[in-house]
Protein chains: 2
Amino acid sequence: MSTQTIAMHPSSGAVCLNADAAGDADILRSLGTIQSLSRNGRIYAEGDETDAWYRIVSGTACLYRIMPDGRRQIGVFLLPGDFFGFEAGPTHRFAAEALGDTKVVRYPRNRLERIADKDPDFGRRLRDIACQRLDAAHDQLLLLGRKTALEKVASFLMEMIRHAPDSAFVHLDMSRGDIGDYLGLTLETVSRMFSQMKHLGAIALPAANAVRVLDHEMLASIAGEAVDESTPVLRAVGRA
Amino acid sequence: MSTQTIAMHPSSGAVCLNADAAGDADILRSLGTIQSLSRNGRIYAEGDETDAWYRIVSGTACLYRIMPDGRRQIGVFLLPGDFFGFEAGPTHRFAAEALGDTKVVRYPRNRLERIADKDPDFGRRLRDIACQRLDAAHDQLLLLGRKTALEKVASFLMEMIRHAPDSAFVHLDMSRGDIGDYLGLTLETVSRMFSQMKHLGAIALPAANAVRVLDHEMLASIAGEAVDESTPVLRAVGRA
DNA sequence: CGAATTGTTGAAGTGCTTCAAATAACGTGG
DNA sequence: CCACGTTATTTGAAGCACTTCAACAATTCG
C-alpha cells in the first residue's frame with residue numbers, strides 16, 4: 001500500500017462522470033497523490049475526518065457502514081473515474097475500502113476549495129459531481145425500497161454493464177456477500193437470482209466472478225428498465 | 001396554487017441546513033419566487049427540466065418515483081428550510097409534491113450559477129447543501145437495506161423529532177401510506193409498528209397524525225441509534 | 001495435493017405482505 | 001350542530017418472498 005507524491009492523470013479509460021470532458025484535467029493532474037491498495041485495503045474509516053476528495057484510477061472500491069450487531073450496508077460500488085469522499089459533516093459516516101487491487105487519487109479538500117475560489121467553472125464541476133452521486137443514491141433508494149430480489153440483482157448487473165468497456169461481458173471484483181450487502185439481500189439469495197437469470201437465458205456464468213450477457217433486452221426488462229416502453233413483455237418475469 | 005413574483009425570505013423558524021447561518025440570506029432574499037400549494041400539489045414532475053433549486057418555506061413536501069406497475073418510493077420528506085430540486089441530469093428523475101398546505105421558494109438555476117460565479121463562498125454553500133442531501137440519502141440506504149420494520153418506523157420518528165420544534169411531540173403531515181412508501185413497507189406494517197411502539201410505552205398516539213414521545217431513549221434504542229453506547233439494553237426489542 | 005475459502009442448492013422458518021373486515025376520523029350538506 | 005357518506009387507520013388471518021440453517025460443490029492458494 002504505497003503512497004507516492006507523483007501526481008498522475010486519472011485513467012482516461014472508463015470515465016463515469018464525464019470528468020475528463022471539461023478542461024479541468026490539467027488542474028487535477030498536478031493536485032492529487034496516488035494510493036495503491038489491495039483487497040480490503042482501507043481508504044478511510046467511519047469517523048475519519050472528511051478532509052479530501054478521492055477518485056478511483058483503476059480497480060473497484062466501495063463505501064459501507066456496519067451496524068453494532070454486524071449488519072452491513074454497502075452504499076455504492078466505486079468504479080474507475082468515480083469521485084467519492086465528500087460529505088457535509090466533519091467526519092465520514094461511511095468507510096471506504098478497496099475490493100481488489102485498486103489505485104486511488106487523493107485530492108486535499110482545501111486545495112480544491114482554493115481552486116474553486118478562483119475558478120467558478122471548477123466549483124461548478126465539483127457541484128455537478130456531488131449531484132451525480134446524489135442521483136445515483138436516489139436510484140438506489142428505489143431499488144432497495146421497492147424492487148424484488150430478482151429485479152435488484154438484474155439492476156445491479158445493468159449498472160455494472162453500463163460502466164464496463166464490453167457491454168456483453170462483466171468481471172465482478174466483489175463477492176456474492178458484497179453484492180448482497182449492496183442490494184439489501186443475503187448472499188444466498190443473490191446466488192439464487194444469478195442462477196435464475198441463467199435458467200431464464202438472460203446470462204451465462206463462465207466463472208463465479210464473471211457474467212456474460214446473452215439477452216440484454218431481457219435483462220433490462222427484468223431490472224424494470226424496459227428499453228422499449230411499448231413492449232413490457234417480460235415485466236411479468238420478475239413476479240411470476 | 002398561486003405564484004407570486006414577490007420575493008420572500010425563507011422562514012427563519014425551522015432551519016434544517018444551516019442555510020441562514022451564512023451571510024447569504026440577503027442574496028437569496030431577492031432571488032426567488034414563492035409558490036403556494038395544497039395537499040398533492042405538484043411542484044414538478046418526473047421528466048421536467050432541472051432548471052431551478054427550491055426550498056421549503058413552510059409545510060411539508062416529498063420527492064418520489066413511481067414504477068410502471070404502480071410501486072412508489074418516496075426518496076425524502078422535505079421540511080421547512082430544506083433545499084431540493086438539484087440534479088445532475090437535464091430532467092428530474094423524481095417528482096416533487098406537497099403533502100399539506102405548503103409554501104416553496106423557487107430559485108432559477110442560472111441566477112444561482114451567476115451568483116456563484118462571482119461569489120465563491122456562495123458556490124461552496126450550494127456544494128455543501130448538495131453534500132448534506134447526499135449524507136441523508138446514504139443514511140436512508142442503510143435504513144432501507146438493513147433495518148427491520150420496527151427499526152425503520154422508529155428511525156423515521158427520530159428524524160421527524162430532530163426537525164420538530166418540540167422534541168416530545170410531532171405532527172405528521174403524511175399518511176401511513178406515504179410513510180410506508182418512504183420506508184419500503186406497506187401502510188399496514190407501518191400502522192402495526194406504531195401500535196407496537198405504543199404498547200412498548202415508547203410513544204402515545206393522541207391522534208392518527210400526531211405522536212407524543214414518552215420514552216425518547218427507548219425510541220432511539222429501537223431505531224438503532226443508542227444514545228449511550230454502553231447500554232444497548234433495548235437493542236433486543238427490535239428483534240424479539 | 002490438501003486445506004481453506006467462496007459459491008451453489010435444498011429445506012425449514014419467519015417477517016412482512018396481501019387480503020379482508022371493522023373502527024375511527026373527516027368533510028359535507030342538510 | 002348533527003347525520004351520513006367517504007376516506008384513513010387499525011387489526012386479524014393467510015400467504016409468500018426472502019432468510020436462516022445446513023450440506024455440498026467448486027475454486028483458490030499455500
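What's counted below: heavy atoms across the whole structure, side chains too, no hydrogens, waters or symmetry copies. All chains are named by letter (A, B, ...) in the order of the sequence lines, taking the proteins before the strands, and each is independently numbered beginning at 1.
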**Q.** Donor-acceptor pair, side chain of B:Arg55 and main chain of B:Gly81, under 3.5 angstrom
**A.** yes

Q | Between C:dG7 (P) and A:Asn209 (CG): distance, integer Å | A | 8 Å

Q: Find the distance A:Lys198:NZ to C:dG7:P and express it as a whole number of Å.
A: 14 Å

Q | Value in whole Å for how far the P atom of D:dA8 lies from CG of B:Leu205 | A | 18 Å

Q | Side chain A:Arg192 and base C:dG10 donor-acceptor under 3.5 Å | A | yes

Q: Could you pick out which residue, A:Ala207 or A:Gly184, lies toward the 5' side of DNA chain D when each is mapped onto its nearest nucleotide?
A: A:Gly184

Q) Looking at B:Phe83, does the NZ or CZ of B:Arg133 lie under 6.0 angstrom from its six-membered ring centre and within 45 degrees of the ring axis? A) no

Q) Is A:Arg176 near enough to C:dT8 that one of its side-chain N or O atoms lies under 4.0 angstrom from OP1 or OP2? A) yes

Q: Can you tell me the distance, in whole Å, between the CD1 atom of B:Ile203 and the P atom of D:dT10?
A: 9 Å

(Q) Among C:dC16, C:dG7, D:dT20, which nucleotide has an atom closest to any side-chain atom of B:Ala149? (A) C:dC16

Q. Do the ring centers of A:Tyr182 and A:Tyr64 come within less than 6.0 Å of each other?
A. no

Q. Which nucleotide, D:dT20, D:dC18, C:dT18, lies nearest any side-chain atom of A:Thr148?
A. D:dC18

Q | Residue closer to the 5' end of DNA chain D, A:Glu188 versus A:Lys147 (nearest nucleotide) | A | A:Lys147

Q: Would you kindly give the CG-to-P distance between A:Leu172 and D:dT27, to the nearest whole Å?
A: 15 Å

Q: Please state how far atom CG in A:Leu143 lies from atom C1' in D:dC18, giving the value in whole angstrom units.
A: 15 Å

Q.
Would the distance check show the side chain of B:Arg71 and the main-chain N or O of A:Arg146 forming a donor-acceptor pair, the cut-off being under 3.5 Å?
A. yes

Q) B:Leu187 side chain: which of C:dT9, D:dT11, D:dT10 is closest? A) D:dT10

**Q.** Positive for side-chain hydrogen bond (donor to acceptor under 3.5 Å, both in side chains) with B:Thr60, one of B:Asp101, B:Asp178, B:Asp173
**A.** B:Asp173

Q.
If I take atom CE in residue B:Met193 and atom P in nucleotide D:dT10, what distance separates them, rounded to the nearest angstrom?
A. 12 Å

Q | C:dT9 OP1/OP2 closer than 4.0 Å to side-chain N/O of A:Ser195 | A | yes

Q: Counting heavy atoms from C-beta on, name the nucleotide in C:dG7, D:dC18, C:dG10 closest to the side chain of A:Thr189.
A: D:dC18

(Q) In this structure, how many angstroms lie between the P atom of D:dA8 and the CE atom of B:Met174, rounded? (A) 15 Å

